[in-house]
Student: 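I have a structure here, written as structure tokens, and I will follow up with some questions on it.
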Amino acid sequence: MSLHQKVKRITTHVLHEMKLREEKIAMLTAYDYSIAKIIDQAGIDVVLVGDSASNVMAGNDSTLPITLDEMIYHARSVVRAVKRALVVVDLPFGTYQGNSIEALQSAIRIMKETGGHAVKLEGGAELLDSIKRIISSGIPVMGHLGLTPQSIHKFGTYVVRATEEDEANKLIEDAHHLEDAGCFAIVLEKIPADLAESVAKAVKIPIIGIGAGSEVDGQVLVLHDMLGITQDFSPRFLRRYHNLKTEIHGAVENYINDVRTVNFPNKNEQY
Ligand code: KIV
């Protein structure tokens with residue numbers, strides 16, 4: 001029996017063991033109680049309360065506007081639902097880049113006010129003081145390298161990152177720095193599959209890819225993208241497992257029609 005089937009609760013230690021046993025880690029985003037409950041019961045290993053909530057939940061065109069209070073609201077709802085998965089919460093833009101004390105205070109608020117199990121932040125060597133400070137206070141940290149959406153205005157575009165040697169070398173160095181600082185895992189977003197594979201082989205901590213090929217230790221997708229609720233964005237790495245936008249649209253049309261034609265409620269649906 002695989003490890004994730006045996007354990008009652010996924011911890012950072014279980015993820016590490018999964019990497020050692022070459023068992024792939026499945027991670028998805030969730031921002032609310034009802035969805036988090038479904039994906040936890042389906043057996044997801046890691047639930048990410050991503051700052052992609054800024055796009056998906058709030059309709060912003062980047063992850064930058066979401067606040068710590070808003071992330072805490074989403075994370076608290078998710079944590080109430082999740083019984084088995086590890087819940088990782090994104091530190092939003094502007095709550096950890098200033099200095100390591102600010103980073104620690106933000107991470108502590110997330111842990112205290114949500115009951116989440118770990119935080120995630122974007123960046124490499126420049127964040128080591130903050131990462132070490134957070135980890136030394138007992139909070140597990142997941143890193144995030146490659147396409148880091150909080151830096152979109154620096155990149156100017158969402159194209160694949162680290163295709164040039166310099167950026168690829170920096171990414172490999174950053175992955176080592178994050179591992180040495182004590183991160184328990186790293187998300188690699190939208191980078192060449194060969195590079196992601198070599199990072200996964202070079203470090204002992206799990207590497208979770210999104211647009212980083214199959215030769216990493218696990219995968220993450222934004223749930224609303226993979227279910228086809230959001231459809232204005234179709235990167236190559238995104239596999240759609242459903243077309244919920246069309247299904248929801250159709251169901252709502254049927255409901256409107258039933259209300260208008262007094263087909264709903266019927267005799268059995270009233271008191
Ligand atoms: O916020 C998010 O959803 C993420 C994933 C894309 C990894 O960081």
Side-chain angles (χ1 to χ4, degrees), residues 15 24-32 35-36 39 44-68 70-75 77-78 85-97 106-107 110 114 116-124 127 140-152 155 158-162 171 174-175 178 183-191 196 199-200 205-213 216-227 229-230 232-240:
L15 298 182
K24 299 285 187 188
I25 298 162
M27 166 162 148
L28 280 172
T29 59
Y31 319 108
D32 70 278
I35 293 284
I39 68 173
I44 201 74
D45 299 312
V46 184
V47 176
L48 173 65
V49 186
D51 59 356
S52 50
S54 178
N55 310 76
V56 174
M57 293 282 106
N60 294 310
D61 60 7
S62 79
T63 57
L64 274 66
I66 199 161
T67 65
L68 189 55
E70 287 165 341
M71 286 302 296
I72 287 172
Y73 168 79
H74 287 297
S77 313
V78 166
L86 183 85
V87 179
V88 180
V89 185
D90 264 339
L91 279 170
F93 177 69
T95 67
Y96 61 96
Q97 292 91 346
S106 303
I110 287 188
T114 74
H117 309 129
V119 297
K120 175 165 86 56
L121 45 75
E122 298 182 5
L127 286 175
V141 175
M142 176 180 269
H144 185 156
L145 299 171
L147 176 64
T148 46
Q150 291 178 12
S151 303
I152 186 57
F155 298 146
Y158 285 99
V159 292
V160 59
R161 303 303 313 173
L171 188 142
D174 279 344
L178 294 185
C183 285
F184 72 89
I186 303 173
V187 167
L188 290 184
E189 180 163 354
K190 215 169 176 187
I191 63 164
V199 174
I205 55 175
I207 297 295
I208 315 289
I210 171 163
V216 288
D217 307 302
Q219 300 292 329
V220 55
L221 285 175
V222 170
L223 185 87
H224 289 65
D225 295 339
M226 62 83 87
L227 290 181
I229 298 174
T230 45
D232 4 326
F233 149 90
S234 285
R236 185 198 299 190
F237 68 75
L238 175 59
R239 185 179 297 178
R240 288 200 203 284

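Note that ligands are numbered from 1 as they come in the structure, with each ligand's atoms numbered from 1 the same way.
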Student: For atom 8 (O) of ligand 1, what's the nearest protein heavy atom and its distance?
Tutor: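 Looking only at protein heavy atoms, the one closest to atom 8 (O) of ligand 1 is K120 NZ, 2.9 Å.
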
Student: Using a strict 4.0 Å cut-off to heavy atoms of H144, name the atoms of ligand 1 that fall inside it.
Tutor: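 Numbered from 1, ligand 1 contributes 8 (O).
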
Student: Considering the heavy atoms of T29, write down every atom of ligand 1 situated less than 4.0 Å from one of them.
Tutor: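 Those atoms are 3 (O).
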
Student: Check whether any side-chain heavy atom of L171 sits under 4.5 Å from a side-chain heavy atom of L188, and report yes or no.
Tutor: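 Sidechains of L188 and L171: in contact.
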
Student: Please work out, at 4.0 Å between heavy atoms, whether the side chain, the backbone, both, or neither of T63 comes within that distance of ligand 1.
Tutor: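 For T63, no heavy atom sits under 4.0 Å from ligand 1.
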
Student: Measure the CG-CG distance between L121 and D90 for me, rounded to the nearest 0.5 Å.
Tutor: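 The CG atom of L121 sits 8.5 Å away from the CG atom of D90.
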
Student: H74: what forms a side-chain hydrogen bond (donor to acceptor under 3.5 Å, both in side chains) with it, not counting sequence neighbours?
Tutor: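 Not a single residue meets the side-chain hydrogen bond (donor to acceptor under 3.5 Å, both in side chains) criterion with H74.
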
Student: Within the 4.5 Å heavy-atom criterion, are F184 and L86 side-chain neighbours or not?
Tutor: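 Of all side-chain heavy-atom pairs linking L86 with F184, at least one is under 4.5 Å.
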
Student: Considering heavy atoms of the protein only, find what lies nearest to atom 3 (O) of ligand 1 and give residue, atom and distance to 0.1 Å.
Tutor: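 Its nearest protein heavy-atom neighbour is S52 OG, 2.5 Å.
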
Student: With heavy atoms of V222 as the reference, note each atom of ligand 1 found under 4.0 Å away.
Tutor: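 Close to V222: 3 (O).
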
Student: How close do T148 and H144 get, heavy atom to heavy atom, and via which atoms?
Tutor: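 Closest approach of T148 to H144, heavy atoms only: CG2-O, 3.3 Å.
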
Student: Suppose we measure from atom 5 (C) of ligand 1 to each protein heavy atom; which comes out shortest, and what is that distance?
Tutor: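 Result: L48 CD2, 3.7 Å.
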
Student: Identify, for atom 6 (C) of ligand 1, the protein heavy atom at the shortest distance, and state residue, atom and that distance.
Tutor: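 For atom 6 (C) of ligand 1, the nearest protein heavy atom is I210 CD1, 3.7 Å.
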
Student: Nearest non-hydrogen atom to atom 1 (O) of ligand 1 belongs to which of L28, D51, V49?
Tutor: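 Considering heavy atoms of L28, D51, V49, the nearest to atom 1 (O) of ligand 1 sits in D51.
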
Student: Can S234 and R240 be said to form a side chain to side chain donor-acceptor pair (under 3.5 Å), step by step?
Tutor: CA-CA 9 Å; S234 285; R240 288 200 203 284; 2.9 Å; yes

Student: Taking all non-hydrogen atoms of both residues, which atom of I39 and which atom of A30 are closest, and how far apart?
Tutor: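 Reported closest heavy-atom pair: CD1-CB, 3.9 Å.
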
Student: Please list, in number order, the atoms of ligand 1 under 4.0 Å from a heavy atom of D90.
Tutor: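 Checking each atom against D90, I get 1 (O), 2 (C), 8 (O).
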
